[in-house]
Amino acid sequence: MSRLYGDPIEVWVRDGQPARFVWRDRLYVVRQILDHWVVAREWWKTSETDPGERRFWRVEAAAGREVGTYELRFDTASEAWLLLRAWD
């Protein structure tokens, strides 16, 4: 079962992929990228140089011994990251 959140997170990227993130004051280390996809929409563009993309990653991550699956989103317009979903 999954839960929707939409919480802002801080993300460290390595080789163009999320490697670590902080969510609710806890540091998560990405153990595995499970899926990655990009959605582009014209109305998301804020300028001519903005591709209007939202990039999604489904990851397996650990905070200490606790391991879970999380869906992260990067918005190219705002350059902000969100934790969208977590699986129990």
Side-chain angles (χ1 to χ4, degrees):
M1 182 164 144
S2 69
R3 293 184 184 170
L4 295 174
Y5 291 98
D7 293 345
I9 57 173
E10 185 175 354
V11 177
W12 288 266
V13 176
R14 184 179 332 126
D15 299 327
Q17 300 183 106
R20 297 174 182 212
F21 61 93
V22 173
W23 178 47
R24 297 185 174 179
D25 297 324
R26 293 186 72 190
L27 176 65
Y28 292 79
V29 177
V30 175
R31 296 169 48 148
Q32 182 178 358
I33 303 291
L34 303 173
D35 200 2
H36 174 250
W37 65 98
V38 178
V39 177
R41 300 285 188 260
E42 189 66 30
W43 63 85
W44 290 339
K45 294 176 77 166
T46 59
S47 70
E48 286 301 316
T49 58
D50 176 18
E53 292 179 349
R54 292 186 178 164
R55 301 173 188 165
F56 298 83
W57 283 267
R58 186 165 297 141
V59 301
E60 178 183 89
R65 292 183 177 200
E66 184 180 315
V67 179
T69 301
Y70 304 90
E71 189 172 294
L72 315 178
R73 184 187 87 189
F74 178 73
D75 185 339
T76 59
S78 64
E79 296 188 358
W81 287 89
L82 295 176
L83 187 136
L84 292 180
R85 183 182 305 251
W87 280 262
D88 295 339

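What you see is a predicted model, and the numbers here were worked out from it, not measured in a lab.
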- Taken in chain and number order and not counting sequence neighbours, the residues that satisfy salt bridge (charged side-chain N to carboxylate O under 4.0 Å, His left out) with R24 are D7

- Message: With clusters defined by side-chain heavy atoms of hydrophobic residues (ILVMFWY) lying less than 4.5 Å apart, directly or transitively, does I33 cluster with V11?
- Response: yes

- Task: Evaluate the criterion ring pair (Phe, Tyr, Trp, His ring centres under 6.0 Å) for residue pair W81 and W57; output intermediate values, then yes/no.
- Result: CA-CA 11 Å; W81 287 89; W57 283 267; 5.3 Å; yes

- Quick one: closest heavy-atom pair of I9 and V22, and the distance? CB-O, 3.4 Å

- Task: Identify the two heavy atoms, one from R20 and one from V30, that lie closest to each other, and give their separation to 0.1 Å.
- Result: N-CG2, 4.2 Å

- Message: Is it true that, when you exclude Q32 itself, more than 12 heavy atoms of the residues, nucleotides or ligands shown sit nearer than 6.0 Å to its CD?
- Response: yes

- Which value, rounded to the nearest 0.5 Å, describes the distance between F56 atom CZ and L82 atom CG? 9.0 Å

- If Ile, Leu, Val, Met, Phe, Trp and Tyr residues are connected whenever their side-chain heavy atoms lie under 4.5 Å apart, and connections chain through other members, are F74 and L83 in the same group? yes

- Query: So, for D75 and R54, which heavy atoms are closest and what is the spacing to 0.1 Å?
  - Reply: OD2-NE, 3.6 Å

- Query: Looking only at heavy atoms, which two atoms of E60 and V67 are closest? And how far apart?
  - Reply: CG-CG1, 3.6 Å

- same_hphob_cluster(L72, V13) at 4.5 Å side-chain heavy-atom cutoff: yes

- Query: Under the salt bridge (charged side-chain N to carboxylate O under 4.0 Å, His left out) test, which residues partner R26, sequence neighbours left out?
  - Reply: E66

- Query: Are any side-chain N or O atoms of T69 and backbone N or O atoms of W87, one a donor and one an acceptor, separated by less than 3.5 Å?
  - Reply: no

- Message: Could you see if L84 belongs to whatever hydrophobic cluster contains V39? Use Ile, Leu, Val, Met, Phe, Trp, Tyr and a side-chain cutoff under 4.5 Å.
- Response: yes

- Message: Test of understanding: clusters of I, L, V, M, F, W, Y form through side-chain heavy atoms closer than 4.5 Å, transitively. Do Y70 and Y5 belong to the same one?
- Response: yes

- Query: Do the side chains of F21 and V59 get nearer than 4.5 Å, heavy atoms only?
  - Reply: yes

